[in-house]
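Written out below as structure tokens is the structure these notes cover.
Computed from a predicted model, the values in this text were never measured in an experiment.
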Amino acid sequence: REDHMSNITRKTQTGSLMIEIIAVLGLLALITPLLFQQISRRNEEIINTQIATEIRAVKDAVAAYIQANEFQIAQNCSLTDENDSYTATPDGEIYACDAVNTADIVPFFSGTSDILADYNYELYGYTVPSRSDSAGNVSDYRPVIYATISRNVGESFNLRRAARIA
């Protein structure tokens with residue numbers, strides 16, 4: 001009888017051990033997808049942060065280029081007259097400037113110049129009154145030059161979220 005009872009105890013212990021193993025495997029099956037989702041989200045955030053940092057650096061380089069070369073860019077945009085004075089642009093009129101060569105921006109960029117080649121740069125300009133007399137007659141204008149920066153076609157990444165971060 002004692003042997004019979006010990007056999008039942010062993011079978012019960014073995015059965016409960018099996019149930020514990022199945023329970024642990026079930027928990028792992030539930031947790032693993034959640035863990036992989038979290039890792040995937042973290043990786044996406046890291047990539048978006050890197051892209052945002054890249055976009056910020058490119059934006060700063062283009063802004064520095066525009067600031068350093070404002071007069072030459074204004075001439076290319078037809079914002080000056082033959083006397084090299086800024087001229088009035090009709091209300092709402094925006095002029096496209098000559099294309100920007102990536103090599104011109106490189107001195108203003110702190111990263112690798114390969115990154116600059118991944119983008120297209122377009123400059124636009126117009127003038128606004130900067131000085132007028134007491135009668136309201138405008139005597140001087142100043143240029144407003146801005147750039148649009150777009151990723152080259154064929155390069156893919158989620159710009160919407162990265163731009164919000166930038």
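Between atom CG of residue D118 and atom CD1 of residue I55 there is a gap of 11.0 Å, rounded to the nearest 0.5 Å. In this structure, CD1 in I47 is found 13.0 Å from CZ in R42, a value given to the nearest 0.5 Å. Atom OG1 in T102 sits 8.0 Å away from atom CG in N120 (nearest 0.5 Å). The distance from the OG1 atom of T32 to the CG atom of L27 is 10.0 Å, given to the nearest 0.5 Å. Atom OG of S110 sits about 8.0 Å away from atom CG of D60, to the nearest 0.5 Å.
Cluster annotation: Y146 is not connected to L116 through the hydrophobic network of ILVMFWY side chains, with a link wherever side-chain heavy atoms come within less than 4.5 Å. Put simply, V106 and V100 are part of the same group of oily side chains (I, L, V, M, F, W, Y) that touch within less than 4.5 Å, one to the next.
Environment of CD in Q67: sparse, with no more than 12 heavy atoms of neighbouring residues, nucleotides or ligands closer than 6.0 Å.
V58 places a side-chain heavy atom less than 4.5 Å from the side chain of Y121.
A donor-acceptor pair under 3.5 Å is formed between the side chain of N69 and the backbone N or O of Y65. In this structure a side-chain-to-backbone donor-acceptor pair under 3.5 Å is present from T49 to E45. D81 places a side-chain N or O within donor-acceptor distance of the main-chain N or O of N83, the cut-off being under 3.5 Å.
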